[in-house]
Amino acid sequence: CVKAGNMMQISICLYFMIMIQLSLSANMQIFLSPNDPLWKTYLTYNDAVKLHREEKYKEAETLYRDVIAQKEDLWEAHNNLGNVLSSMKRENEALQVYLHGMERTKYKEDLREIHASFLNNIGHQKLMKAGNNFQKLREAKEYFVLATSSDPNQVDARFNTGNIESKLGFTNRALRIFLDILSSNPYHVSTWLEIGNLYFKANDYEMAERYHRKAAYGMDNSAYKNRE
């Protein structure tokens, strides 16, 4: 959709992209010694991650379920299972996986990061069904806020909170959240895009162009791709 050299087209095309961040564990593979009793289980997990990255969701689902059957407390596998179910439009099943993971990981200090991922992904499911219903948007926001509380470095939850603030009409709040993300994650392309969208909706096309150019450049340059 992006056409270099025509900024108004860039602004319009990027403005209509829906940017919502789902927390993934798919980029995290596990490495152990072959002498570890769970060696084969983790090999299966890594195979599932590979299939997940390749968007072979049905095959990845099968392997994630195999891993969970062998090691029920490997919460990254639960999280990724929810994600592949969501990718296959099986949202209700995905939500049940996330809710189970959220309940089983809460109040555990060493699981704060994965707990935050479950919370973010529950919020994501709620947001997908919220439309423009303010009550449902606020309900989704509560999960993103809880995710950020559990893990302040949960960029996806912070980003999604900014998106909801924007949808609720709190532009200044959204802008503050997005700028705060960029202060610690300057290569977060989705945030550049959403700031541009805020300016675009405010009819400030010069600022929208500035931020959309950064986003468009980032989409084509690996140095600016989102870092997880």
Pairs meeting criterion side chain to side chain donor-acceptor pair (under 3.5 Å) with involvement of residues 165-175, two or more places apart: Lys141-Glu165, Ser166-Lys201

Are the ring centres of Phe178 and Phe159 closer than 6.0 Å? yes

Would you please name every residue forming a side-chain hydrogen bond (donor to acceptor under 3.5 Å, both in side chains) with Asp110, sequence neighbours left out? none

Tell me if a side-chain donor or acceptor on Ser86 pairs with a main-chain N or O of Asn83 at a distance below 3.5 Å. no

If we count only N and O atoms by modelled type, under 3.5 Å, do the side chains of Thr41 and Gln70 hold a donor and an acceptor together? yes

Judged by atom type as modelled, is there a donor-acceptor pair below 3.5 Å linking the side chain of Arg112 to the main-chain atoms of Lys106? no

Do Tyr98 and Leu111 share a hydrophobic cluster, counting only Ile, Leu, Val, Met, Phe, Trp and Tyr and linking them when any side-chain heavy atoms are less than 4.5 Å apart? yes

Judged by atom type as modelled, is there a donor-acceptor pair below 3.5 Å linking the side chain of His78 to the main-chain atoms of Gly101? no

If we ignore angles and hydrogens, is there a donor and acceptor under 3.5 Å between the side chains of Glu194 and Asn197? yes

For Tyr57, what residues pass the ring pair (Phe, Tyr, Trp, His ring centres under 6.0 Å) criterion, not counting sequence neighbours? none

Please check if the distance between the ring centroids of Tyr64 and His52 is under 6.0 Å. yes

Does Asp204 reach the main-chain N or O of Met207 with its side chain, forming a donor-acceptor pair under 3.5 Å? yes

Run the salt bridge (Lys or Arg N to Asp or Glu O under 4.0 Å) check on Arg104 and Glu72 step by step: do they pass? CA-CA 11 Å; Arg104 292 290 302 278; Glu72 203 275 335; 3.4 Å; yes

